[in-house]
Amino acid sequence: MAEFTEGQELPELRVTPDRFLTVRYAGASGDFNPIHIDQDFATSVGLPGKILHGLYTMAQVARAQTDAGGGPESLKRLKVQFRGMGLPEQEIVVTSKVTAVADGIATVETAAEQNGSQIVRNAEAEIAIS
Amino acid sequence: MPVTTSAIGKSYPPTTYAVGREKIKEYASAVGETNPVYLDPAAAKAAGYADVVAPPMFAVVYKSPAVIPGLFDPEVGINFAMMVHGGQEFVWSAPVVAGDEISTTTTVKDISERGGMGFYVFETTSTNQRGETVCVGEWTNIVRGV
């Protein structure tokens, strides 16, 4: 059983997507936008290279919550804003802090950072306390 | 060119997505999930599920086919070259397991303009074959230079 207290920091999640991750995620999610899977196309539209799918990064934020909450059904709500862009082969760090505990729900403020900038920010999760 | 708001409230025909065991495994592996309830039917059954469970963010997989018609609707008028995914919210209720059939309905929740940017908000409601709501999603797409 997961226990939460206000002000508690949940375990950090660190992941470094490999150079082919965007291709696997495109296949798994169905989002084949070439900015994610074609290096030449991405650079031709002014990007530094293939960029991560925002929803992949959101999935890392979700994983940090379900790992802390004890399984898939613990995550009741997740709201994020995407900023900038995530890149393959660079570490993503997800940090999470409990801001309130009430009525069986822990509210968590969370973010995903890469190279010192937040690529998911102002994110809020609700975790059911089992 | 200002945004046009006539499509607010418009809905699109529901899509149905059949959730498969191998698709859940493929998705779970791509996002780095290692919890055996996503991967191993025996572990899922031991945890009380009928089959492997979808990670919460698998909602993307069963909802995306329902969102696409709204994104491409000329009445909504999104300029794709200038679009970024600005924000996303999901609210989950009943779990999704392999074998479920998930129906999703999309509605244009809001279209607005602030600071030269268009904000296009779509709401998706997904229910399973028993009529239970499994997930409500809100997709915010931002278009620069409207």
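All chains are named by letter (A, B, ...) in the order of the sequence lines, taking the proteins before the strands, and each is independently numbered beginning at 1. For the numbers below, each heavy atom of this structure counts, side chains included, while hydrogens, waters and symmetry mates do not.
- When the heavy atoms of residues 39-71 of chain A are compared with those of chain B, the residues falling under 4.5 Å are A:Leu55, A:Tyr56, A:Met58, A:Ala59, A:Gln60, A:Ala62, A:Arg63, A:Thr66, A:Gly71, listed by number.
- Only the side chain of B:Tyr49 comes within contact range of chain A, judged by heavy atoms closer than 4.5 Å.
- Hydrophobic clustering (side-chain heavy atoms under 4.5 Å, transitive across Ile, Leu, Val, Met, Phe, Trp, Tyr) keeps B:Trp139 apart from A:Ile119.
- Atoms CG and NE2, from A:Asp31 and B:His85 in turn, are 10.0 Å apart once rounded to the nearest 0.5 Å.
- For residues 72-107 of chain A, heavy-atom neighbours of chain B at less than 4.5 Å comprise A:Pro72, A:Glu73, A:Leu75, A:Lys76, A:Arg77, A:Leu78, A:Lys79, A:Val80, A:Gln81, A:Phe82, A:Arg83, sorted by residue number.
- No chain of hydrophobic side-chain contacts below 4.5 Å, direct or via other Ile, Leu, Val, Met, Phe, Trp or Tyr residues, connects B:Phe80 to B:Met117.
- Hydrophobic clustering of Ile, Leu, Val, Met, Phe, Trp and Tyr side chains at less than 4.5 Å, counting indirect connections, unites B:Ile68 with B:Tyr120.
- Neither B:Val108 nor B:Val121 shares a network with the other; the hydrophobic side chains, linked directly or stepwise wherever heavy atoms of I, L, V, M, F, W or Y lie under 4.5 Å apart, form separate groups for each.
- Only the side chain of B:Tyr38 comes within contact range of chain A, with heavy atoms under 4.5 Å apart.
- Put simply, B:Phe72 and B:Met82 are part of the same group of oily side chains (I, L, V, M, F, W, Y) that touch within less than 4.5 Å, one to the next.
- Using a 4.5 Å cut-off between heavy atoms, B:Thr34 does not touch chain A at all.
- Of the listed residues (B:Val61, B:Val91, B:Val31, B:Thr140), the greatest number of heavy-atom pairs within a distance under 4.5 Å of chain A belongs to B:Val31.
- In terms of heavy-atom proximity, B:Val60 sits nearest to A:Ser29 at CG1-CB, 4.4 Å.
- With chain A as partner, the option from B:Met57, B:Glu26, B:Gln88, B:Lys23 having the largest number of non-hydrogen pairs under 4.5 angstrom is B:Gln88.
- Under the side-chain contact (heavy atoms from CB on, under 4.5 Å) criterion, B:Thr5 pairs with B:Val3, B:Ile8, B:Ile111, not counting sequence neighbours.
- Within residues 9-28 of chain A, the residues approaching chain B closer than 4.5 Å by heavy atoms are, in numerical order, A:Leu21, A:Arg24, A:Tyr25, A:Gly27, A:Ala28.
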